[in-house]
Amino acid sequence: MERTLFGTDGIRGEAGTEPMTPEMAVRLGRAIAYWFGAGQGRRPRILIGKDTRLSGYIFETALTGGICAAGGDVLLVGPMPTPGIAFLTQDMRADAGVVISASHNPFQDNGIKLFGPAGFKLPDETEAKIEALVREPGELDRWRPAPEALGKAFRIDDAAGRYVLACKRTFPRELRLDGLKIALDCANGAAYGVSPLVFRELGAEVFDYGVEPNGKNINEKCGSLHPEFIAKKVREHGADVGVALDGDGDRAIFVDEKGAVVDGDQVMAVCARQMLAEGRLAKKTLVATVMSNLALDKWMEKLGGKLERTPVGDRYVLEAMQKGGYSLGGEQSGHVIFLDHSTTGDGTVCALQVLAVMKRTGKPLSAL
């Protein structure tokens, strides 16, 4: 079944124009509720989070209306990184998770992506079936719940705390970040309210930027698309490392203590070496896309491991990881998946793994 609404990473476009219209979001909300249980006479629980775009309010309301109209309940968590939604979906035993975000795109754009109950992105086939319900809603129109079966929406007040704790648990319990200076750029995006807390609570001194979203400044001359900003701040503060997240917090680009940019390939190389040394790199294999540097193949070969390549897109990296039973994979763009810790890329979790290597080895990022 062909997909025209969903792309490689959900639905995306300029807010207010097809396909990103409130009318489409209402239909999608009804289709989500129907697919995940309402159509079988069950009351599904759908979790919704978003980044900080102005249009997020529109799509949050429209999706909520559609889901409730189809007999589903909605759990609203507000601004939250994409990996936070993936975690909370499984942690709260929701039937599905919805992220309203256009990631690294400018504020004018927005998007919608879906997670299943286990916190993984939906397979292409499932997205195609949901899309069919949206495009040709005849089945939905013939089925409507009775007034007493309409859903409700609930605000989850402790969502941020749950995610912060989950991130901290990925960091080795015997280590702390005391004495480390971190320059952190949250891109005025979804991670602004949680990521600084994670590093501070583990003992680091954090100089945080991009934590004053106004609905229009997400990714604006900041974040992972503009690492030169945090590189400047690293030099200003004499920080040990700089971390630049993207708008939905699922990827990170690093800057070493000298102000040099460290991309996803280099991060995977550093972490793969450490995980191999500790016997934690499943099947001694790293997964990357065809865009990654050839040097990564040579590096893994030198370490006694191997590199498996996939088409471009984190969903294809994840599929290969799940199919092969691998634990580490990612993209040059900084989208790195630590499958032992998260079901999708997570910029904050990735940063914690890099910081753990720095702490264990006693080496600065430039040396690693």
Side-chain angles (χ1 to χ4, degrees), residues 1-33 35-36 46-53 55-56 58-60 62-64 66-67 74 77 79-90 94-135 189-191 218-219 246-251 289 311-319 331 333 335 337 342-347:
M1 194 179 295
E2 186 182 358
R3 297 180 308 157
T4 57
L5 186 62
F6 285 91
T8 56
D9 198 22
I11 305 166
R12 193 172 295 183
E14 185 174 313
T17 63
E18 287 291 343
M20 287 303 299
T21 64
E23 293 84 0
M24 181 282 298
V26 171
R27 296 197 305 271
L28 179 61
R30 292 183 63 215
I32 290 169
W35 179 263
F36 284 100
I46 313 296
L47 188 139
I48 298 179
K50 60 182 180 178
D51 65 20
T52 57
R53 293 164 209 273
S55 60
I58 296 170
F59 295 111
E60 180 184 56
L63 283 163
T64 298
I67 292 167
V74 175
V77 301
M80 180 68 60
T82 288
I85 303 304
F87 162 73
L88 288 165
T89 298
Q90 55 173 323
D95 294 282
V98 181
V99 178
I100 304 168
S101 174
S103 187
H104 57 274
N105 287 25
F107 91 92
Q108 295 92 337
D109 293 343
N110 217 328
I112 298 170
K113 48 191 169 185
L114 308 178
F115 288 94
F120 291 103
K121 290 178 180 177
L122 300 182
D124 291 353
E125 316 82 73
T126 302
E127 286 186 344
K129 290 173 180 174
I130 292 173
E131 179 173 327
L133 290 170
V134 176
R135 293 292 195 194
I218 186 171
N219 299 314
D246 68 338
D248 71 332
D250 66 352
R251 61 179 170 171
T289 75
V312 176
D314 65 280
R315 68 161 57 231
Y316 303 114
V317 172
L318 180 58
E319 283 175 7
E331 299 182 281
S333 61
H335 195 286
I337 303 170
S342 181
T343 58
T344 187
D346 189 324

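Looking only at distances, no side-chain donor or acceptor of D250 sits under 3.5 Å from a matching main-chain atom of D346. Looking only at distances, a side-chain donor or acceptor of N219 sits under 3.5 Å from a matching main-chain atom of G247. In this structure, S55 contributes its side chain and I58 its backbone to no donor-acceptor pair below 3.5 Å. Of the possible polar contacts, none joining the E14 side chain to the M20 backbone as a donor-acceptor pair under 3.5 Å is found.
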Legend entry - Stepwise side-chain contact (heavy atoms from CB on, under 4.5 Å) check, S333 with H104: CA-CA 11 Å; S333 61; H104 57 274; over 6 Å; no

Inset, instruction - Give the intermediate values and the outcome of salt bridge (Lys or Arg N to Asp or Glu O under 4.0 Å) for residues D9 and K121. - result: CA-CA 9 Å; D9 198 22; K121 290 178 180 177; 2.9 Å; yes

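Closest heavy-atom contact between A190 and P81: O-CD, 3.5 Å. In terms of heavy atoms, A102 sits closest to R12 at O-NH1, 3.7 Å. Taking both residues in full, the closest heavy atoms of S342 and P83 are given as OG-CB, 4.4 Å, listed atom of the first, atom of the second, then distance. Of all heavy-atom pairs between T289 and P311, the closest is CG2-O, 3.6 Å. For the residue pair A25 and F59, the shortest heavy atom distance occurs at CB-CD2, 3.9 Å. The minimum heavy-atom distance between M80 and L88, with the atom names listed, is CE-CD1, 4.1 Å.
Taking 4.0 Å as the cut-off between side-chain N and carboxylate O, D314 and R251 do not count as a salt-bridged pair.
Atom CD in E131 sits 9.5 Å away from atom CG in L28 (nearest 0.5 Å). The OG1 atom of T82 sits 8.0 Å away from atom NE2 of H335, with the distance rounded to the nearest 0.5 Å. The distance from atom CD1 of I67 to atom CZ of R30, rounded to the nearest 0.5 Å, is 12.0 Å. How far CG of D246 is from CD1 of I218: 8.5 Å, rounded to the nearest 0.5 Å. Summarising the geometry, atom OG1 belonging to T21 is positioned 12.0 Å from atom CG belonging to N110; distances are rounded to the nearest 0.5 Å. The structure places CZ of R135 at 4.5 Å from CG of L5, a figure rounded to the nearest 0.5 Å.
Residues passing the side chain to side chain contact (heavy atoms under 4.5 Å, CB included) test with L122, sequence neighbours excluded: F36, L114, T126, E127, I130. Shown here are the side chain to side chain contact (heavy atoms under 4.5 Å, CB included) partners of A86, two or more places apart in sequence or in another chain: F115, T343, T344.
M24 has its side chain within reach of I112: a pair of non-hydrogen atoms, C-beta onward, lies under 4.5 Å apart.
If you run side-chain contact (heavy atoms from CB on, under 4.5 Å) between S101 and each of D109, D51, T52, I85, only D51 comes through. No option in K50, R53, K113 other than K113 meets the salt bridge (charged side-chain N to carboxylate O under 4.0 Å, His left out) test with D248.
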